[in-house]
Amino acid sequence: RPHKGREGQQDSRCLLCKTSETMMEYSYDLMSANPKGYDFSSPVVPMLKKIQTGFNCNFCHDPHSAEPRIIFAPLIESMTGENGRENFYQKTVGSKASTPIEVVDMGLRGFTRKIGILKDYNANFQCGQCHNAANRYLTYKWLKDDKPVRPEDLQKAGVSPYATEFFKDPLESWAWFKAKGWHQGVNGTTGVHYVNGSDHPHVEIMLQSKHGQAGVTCTDCHFARKADGKAEHQPSLVKLKVENTCMRSACHGPSSKSNWTDPGQALYTIEAIQQEYRIRVQKMEMAAKDAQRIFMKLKAGEASLPQEVKEKLETAYEKYLSARDWYLTDLSSGFHDPEGFNRTVSVVTWELRKTNAAAQGALKKTPVKQ
């Protein structure tokens, strides 16, 4: 049965990744009211009580044709919709990383329903149905006045109500949201706006990583291959089976460019990447703590800053919030895209340190009122 914790406390769309039983009950436009089936306003608990099965084969394999497919509407829309024409996938479709997709209209039950048939098996999109950072934009607000973003605002901006833009890193994501003038909430400790708070952006990270660009997908590492070449369909950590993943001759093993001949070489490389991740995250968090202390003084009225200095500090902290959410919900400890992680966190840490130093130098104590 599907997980009943977090999903039981939020909205019904969370169940789209827990069971395929409801797939024909949702219209393709998940944001619209659906009197004949489920939509975002559907109560979660009654739905849970009706569901009998959890994650199943038909998420990724069409039961009629056995072709590789995806059934998650926001990802299909991101890959094929008019509003996504400038995103990474649509601009690179047909490359090693971006497998072509055919959309099939399954218009049943009085409302539009679609599935996407992939030209080739590509687990980055099949697994990416759930492991993505699709944003529900109608829950966002304007930075200028804190009013909700409306459907007409999205139409004017050329953005689908529920989609992913396939950003390569949180800095690109942050810049896009900042340019739109939208935010998703306010950080309680500092009062700084989130311009983006994405959950587990795995497909986004993988597509533009070195592995993704080489055509490597989730199952190459998390499923591995048996002696007969078939995928084992038992997801687990790469470190538990490097001989069947990293050590294949098609990747880094014997006769490859890396020519690793011992599993210890693969394990050492993974550990080294993840240790660098832990060190860089620690340094970023230390710089963020320094910024938090300054913001807390400002909130408490104990000190003040010139507006220009304060804005620069807020900008640096906004980037930190985006980077923190982006990578700490990835759970690979930087391994999915080491270069992207190192580049991003280096920029964020440097900007925090620079703006912290400027703020400390400009900080003025507020006289205590008698």
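Any value given below was found using the heavy atoms of this structure, including those in side chains, with hydrogens, waters and symmetry copies removed.
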If every non-hydrogen atom of K241 is compared with every non-hydrogen atom of P235, which pair is closest and at what distance? NZ-C, 4.4 Å
K141 atom NZ: more than 12 heavy-atom contacts under 6.0 Å: no
Any ion pair linking E318 and K178 (charged N to carboxylate O, less than 4.0 Å)? yes
For a 4.5 angstrom cut-off between non-hydrogen side-chain atoms, does I270 reach V242? yes
Can we say E67 and R69 salt-bridge, meaning some charged N sits less than 4.0 Å from an Asp/Glu carboxylate O? no
Please verify the inter-ring angle class for Y26 with Y38; under 30° counts as parallel, over 60° as perpendicular, anything in between as tilted. tilted
So H222 and H336, would you call those rings parallel, tilted or perpendicular, with 30° and 60° as cut-offs? perpendicular
Give the ring-plane orientation class for H202 versus H131, where under 30° counts as parallel, over 60° as perpendicular and anything between as tilted. tilted
Under 3.5 Å donor-acceptor, Q90 side chain and G81 backbone: yes
Hey, can you tell me if Y317 and Y320 have their rings parallel, tilted or perpendicular (30° and 60° cut-offs)? tilted
Stepwise side chain to side chain donor-acceptor pair (under 3.5 Å) check, T53 with E21: CA-CA 7 Å; T53 60; E21 273 191 36; 2.9 Å; yes
Under 3.5 Å, is there a donor-acceptor pair linking the side chains of D337 and S209? no
Can you tell whether the side chains of E25 and K36 come within less than 4.0 Å, N to carboxylate O? no
Which atom of A362 lies closest to which atom of L305, heavy atoms considered: C-CD2, 3.8 Å
Can you tell whether the side chains of E102 and K119 come within less than 4.0 Å, N to carboxylate O? no
Other residues, nucleotides, ligands: >12 heavy atoms within 6.0 Å of E232 CD: yes
Answer yes if the side chains of R113 and S27 hold a donor-acceptor pair under 3.5 Å, and no otherwise. no
Test log, rule side chain to side chain donor-acceptor pair (under 3.5 Å), inputs Q307 and E311: CA-CA 6 Å; Q307 187 63 24; E311 288 178 358; 3.2 Å; yes
Are V238 and F223 connected into the same hydrophobic cluster when the rule is that any two of I, L, V, M, F, W, Y join if their side-chain heavy atoms are below 4.5 Å apart? no
How far apart are the closest heavy atoms of F88 and S98, and which atoms are they? CE2-OG, 4.0 Å
Check for a donor-acceptor pair, side chain of D153 on one end and backbone N or O of V149 on the other, with a separation under 3.5 Å. no
Do L143 and V192 sit in the same hydrophobic cluster, where Ile, Leu, Val, Met, Phe, Trp and Tyr count as joined when their side-chain heavy atoms come under 4.5 Å apart? yes
Taking everything shown except E271 itself, do over 12 heavy atoms lie less than 6.0 Å from its CD? yes
Using a cut-off of 6.0 Å, state whether more than 12 heavy atoms not belonging to E152 lie near its atom CD. yes
Contact between F125 and M79 at the side-chain level, heavy atoms closer than 4.5 Å - yes or no? yes
Let me check something: do L331 and V216 share a hydrophobic cluster, defined by ILVMFWY side-chain heavy atoms less than 4.5 Å apart, either directly or through other members? no
Flag the pair E172 / E204 as yes when at least one side-chain heavy-atom distance between them is below 4.5 Å, and no otherwise. no
Please report the interatomic distance CH2(W260) to CG(L267), rounded to the nearest 0.5 Å. 9.5 Å
Find the distance between OG (S42) and CG (N34) and round it off to the nearest 0.5 Å. 7.5 Å
Parallel, tilted or perpendicular, as decided by the 30° and 60° cut-offs, for the rings of W182 and Y140: perpendicular
Exercise: do N187 and T190 side chains pair donor with acceptor under 3.5 Å: yes
In one Ile/Leu/Val/Met/Phe/Trp/Tyr side-chain cluster, 4.5 Å: V93, I76: yes
Closest approach of C60 and Q126, non-hydrogen atoms and distance? O-NE2, 3.1 Å
NE2/H200 to OG1/T329 distance, rounded to the nearest 0.5 angstrom? 7.0 Å
Quick check: do P100 and L118 have side-chain heavy atoms less than 4.5 Å from each other? no
Intermediate values then yes/no, side chain to side chain donor-acceptor pair (under 3.5 Å), N58 and S20: CA-CA 7 Å; N58 62 4; S20 58; 2.8 Å; yes
Got S78 and F166 here, is their nearest side-chain heavy-atom distance under 4.5 Å? yes
Go through T344 and Y327 one step at a time and tell me if the side-chain contact (heavy atoms from CB on, under 4.5 Å) criterion holds. CA-CA 10 Å; T344 298; Y327 289 113; 3.4 Å; yes
Before giving the answer on side chain to side chain donor-acceptor pair (under 3.5 Å), spell out for H252 and N259 the whole-Å C-alpha distance, their side-chain angles and the decisive distance to 0.1 Å. CA-CA 6 Å; H252 301 287; N259 197 34; over 6 Å; no
Is the shortest distance from a Lys or Arg side-chain nitrogen in R343 or D169 to a carboxylate oxygen in the other one below 4.0 Å? yes
Please confirm whether the backbone N or O of G185 pairs with a side-chain atom of H183, one donor and one acceptor, at under 3.5 Å? yes
Parallel under 30°, tilted from 30 to 60°, perpendicular over 60°: which one fits the rings of Y162 and F72? perpendicular
Salt-bridge criterion met for R293 and D290 (N-O under 4.0 Å): yes
Would one find more than 12 heavy atoms of other residues, nucleotides or ligands at under 6.0 Å from atom CD of Q275? yes
Side chains of I115 and I70, heavy atoms from C-beta outward: is any pair under 4.5 Å? no
Please check: side-chain N/O of Y277 versus main-chain N/O of F341, any donor-acceptor pairing under 3.5 Å? no
With K147 as the cation and W142 as the aromatic partner, state whether NZ or CZ is under 6.0 Å from the six-membered ring centre and within 45° of the axis. no
N356 and I294, any side-chain heavy atoms less than 4.5 Å apart: yes
Nearest heavy-atom neighbours spanning L15 and M47: CD1-CE, 3.8 Å
Taking N124 for the side chain and V203 for the main chain, is one N or O donor matched with an acceptor at less than 3.5 Å? no
For a quick test of reading the model, state the closest non-hydrogen atom pair linking P254 to M247 and the distance between them. CD-O, 3.5 Å
Report yes if some heavy atom in the side chain of P68 is under 4.5 Å from a heavy atom in the side chain of D120; otherwise report no. no
Closer than 4.0 angstrom, basic N to acidic O: yes or no for K312 and E351? no
Report the distance from atom CZ of F167 to atom CD of Q208, rounding to the nearest 0.5 Å. 10.5 Å
Checking side-chain contact (heavy atoms from CB on, under 4.5 Å) for the pair M284/W350: CA distance, chi angles, key distance, verdict? CA-CA 9 Å; M284 181 178 72; W350 168 250; over 6 Å; no
One pair to check against side-chain contact (heavy atoms from CB on, under 4.5 Å): K18 and L16. What are the steps and the verdict? CA-CA 6 Å; K18 306 302 178 184; L16 291 171; over 6 Å; no
Between R248 and D220, is the side-chain contact (heavy atoms from CB on, under 4.5 Å) condition met? List the steps. CA-CA 10 Å; R248 294 205 304 268; D220 289 310; 3.8 Å; yes
I'd like to know if I279 and L352 are part of one continuous hydrophobic network [Ile/Leu/Val/Met/Phe/Trp/Tyr, side-chain heavy atoms within less than 4.5 Å]. no
Side-chain donor or acceptor of S95 paired with backbone N/O of T92 under 3.5 Å: yes
